[in-house]
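Naming: A, B, ... by sequence-line order, numbering from 1 per chain.
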Number of protein chains: 2
Amino acid sequence: MTLSWSVLPCETFVQKKLYKRFILNILGYWSIGASPRGVSQVGSNEESKLEEARQEYIESLSETMEMYGLSPSMGRLYGIMFFHEDPMTLDEMRSRTGMSKTSMSTGVRALSRLKLVHKKWQKGVRKDLYEAEHDQFRSFVEFFAQQWEKEIQINRKALAKTEQNLKRLLEEEDISPETTDRIRKDLEKLKEAKRYYAWLERMVDVFESGKIFDLVSIPEDTE
Amino acid sequence: MTLSWSVLPCETFVQKKLYKRFILNILGYWSIGASPRGVSQVGSNEESKLEEARQEYIESLSETMEMYGLSPSMGRLYGIMFFHEDPMTLDEMRSRTGMSKTSMSTGVRALSRLKLVHKKWQKGVRKDLYEAEHDQFRSFVEFFAQQWEKEIQINRKALAKTEQNLKRLLEEEDISPETTDRIRKDLEKLKEAKRYYAWLERMVDVFESGKIFDLVSIPEDTE
DNA sequence: CAGTTCGTACAGAAAAAACCGTACAAACGA
DNA sequence: TCGTTTGTACGGTTTTTTCTGTACGAACTG
């Protein structure tokens, strides 16, 4: 009795997850039928086999990108674009993902802001074209440099304000020794934090300038 | 008329955000009254002034940690622990954040898994005690090393499977030249991805071993 | 200039996540 | 041993995010 209580919810959970993935796969397969712009329609059987093979890696990209705060759908979109040779239009994305064009629009712009994807102009094509950044090293470096940069900017600003407030508080007359002591300790912590941001700034620079690749070299080839 | 349509929703949005922050601040101030374990109760006026001064930085920590995929509440909890001198119990956290003990339990464990906070045993105290990792450099390095490690692990596994499937597909007889070509290109991309993971693994090592601090030195002091 | 085609803003629906209260197991103390 | 204290699992509720359809402005086309 007690056992069934603690076991059942877990099963339900797993079922839900699996069910979701199942549905997504179906949608994925469905959308394959759509004939990509300009590409001759080969047997859709081959097409679906290819998609199926890619699927595993796409899904794992989606999963890892979720770790970095992106939604799974955006991760999946990136995965699809990763494999797609030519730049994609919003409509292609829509048919590949089975999602709405609106979502593609917002999604691709989010990926774009993160430098994981970029717009590509092509003569004679009126639609916006996007392609995944080919250079994964560049993506990586830009992604984190950007995040760290923002972290520095936001926190330094708040830090300054807090520091100011604490110092002002310290100068008030009717402060108990205990509180004074605490304020001192707080200020010490903030000072250390400043050192951290200074270092992080160096990191950002090392990343953005590409010096990181001198320090940690890219392996020649791996088999 | 058309203008009011496009302007009003924006205002509503801003109001919502501000309203939320307002409420949070109130909650923050309320929770200050609680007397921390063992600390003599000084004038709660000073206490609240101190809290107020800290608030700005805490909130910004929360905001930046949200960028890294943590919930704002967890960020706030971390911020509170950052300033708190002694290790905290779940009940203290509860009273400081104004949230439930359950949330504190799950939250602190999440922070713990990310190495931003760690358990600290103290003689004679039965409750679990947690404190924020003092060394922010260590936190940073471990946090990202951990994430990257997981990325490598998850994606390499899926990559291998996909690679295998693609190669198998390539050996089937009735494959059109176009598809064969696509598969070849996919395999090429995966090969490049492998190189990326190999490099990322070096990064993880450089971080975990602390070599990163030789390459990008920590500044002496900053004023 | 009218008629298309595109991309996006926005409001509402659907899905997911954060959060809480209850209940319970484990560790401890009398 | 029995009562207490402490941390956590879990179901349900609230809040947030994601996603969609509609509608509309901008850019192009004939």
Which protein N or O atoms sit under 3.5 Å from an N or O of nucleotides 28-30 of chain D?
residue, atom, partner, partner atom, Å
D:dC28, O4', A:Arg126, NH1, 3.4

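Distance, A:Leu129 CG to C:dT5 P: 18 Å, rounded to whole Å. Rounding to whole angstrom units, CG of residue B:Asp91 and P of D:dT4 are separated by 18 Å. Rounded to an integer number of Å, the gap from A:Lys119 NZ to C:dG7 P is 8 Å. Rounded to a whole Å, the CH2 atom of A:Trp121 is 15 Å from the P atom of C:dG7. Protein atom CG of A:Leu70 is 12 Å distant from nucleotide atom P of D:dC19, rounded to whole Å. One atom, CG of A:Leu90, and another, P of D:dC19, lie 15 Å apart when rounded to the nearest Å. In this entry the distance linking CD of A:Glu66 with P of D:dT17 reads 15 Å, nearest Å. One interatomic measurement links the two molecules: CE of A:Met93 to C1' of D:dT20, which rounds to 18 Å at whole-angstrom precision.
Within 6.0 Å of NZ on A:Lys161 lie no more than 12 heavy atoms contributed by other residues, nucleotides or ligands.
Annotation: side chain to side chain contact (heavy atoms under 4.5 Å, CB included) contacts of A:Arg126 (sequence neighbours excluded): none. Residues that satisfy the side chain to side chain contact (heavy atoms under 4.5 Å, CB included) test with A:Leu114, not counting sequence neighbours, are A:Leu70, A:Leu116, A:Phe143. Residues meeting the ring pair (Phe, Tyr, Trp, His ring centres under 6.0 Å) test with A:Tyr197, sequence neighbours left out: none. Evaluation of the ring pair (Phe, Tyr, Trp, His ring centres under 6.0 Å) rule for A:Tyr57 yields A:Phe82 as partners, not counting sequence neighbours. Here B:Gln153 pairs with nothing under the side-chain hydrogen bond (donor to acceptor under 3.5 Å, both in side chains) rule; sequence neighbours left out. Residues passing the ring pair (Phe, Tyr, Trp, His ring centres under 6.0 Å) test with A:Phe83, sequence neighbours excluded: none.
Each of B:Ser71 and A:Asp128 was assigned the nucleotide of DNA chain C with the nearest heavy atom; the assignment lying further toward the 5' end belongs to A:Asp128.
Within residues 99-111 of chain B, the residues approached by DNA chain C to less than 4.0 Å at the level of any non-hydrogen atom are B:Met99, B:Ser100, B:Thr102, B:Ser103, in residue-number order.
Checked by atom type and distance alone, the side chain of A:Glu92 pairs as donor or acceptor with a backbone atom of A:Thr89 at under 3.5 Å.
Pairs of residues two or more places apart, or lying in two chains, that qualify as salt bridge (Lys or Arg N to Asp or Glu O under 4.0 Å) and include a residue from residues 130-146 of chain B are B:Lys115-B:Glu142, B:Lys120-B:Glu131, B:Arg138-B:Glu142.
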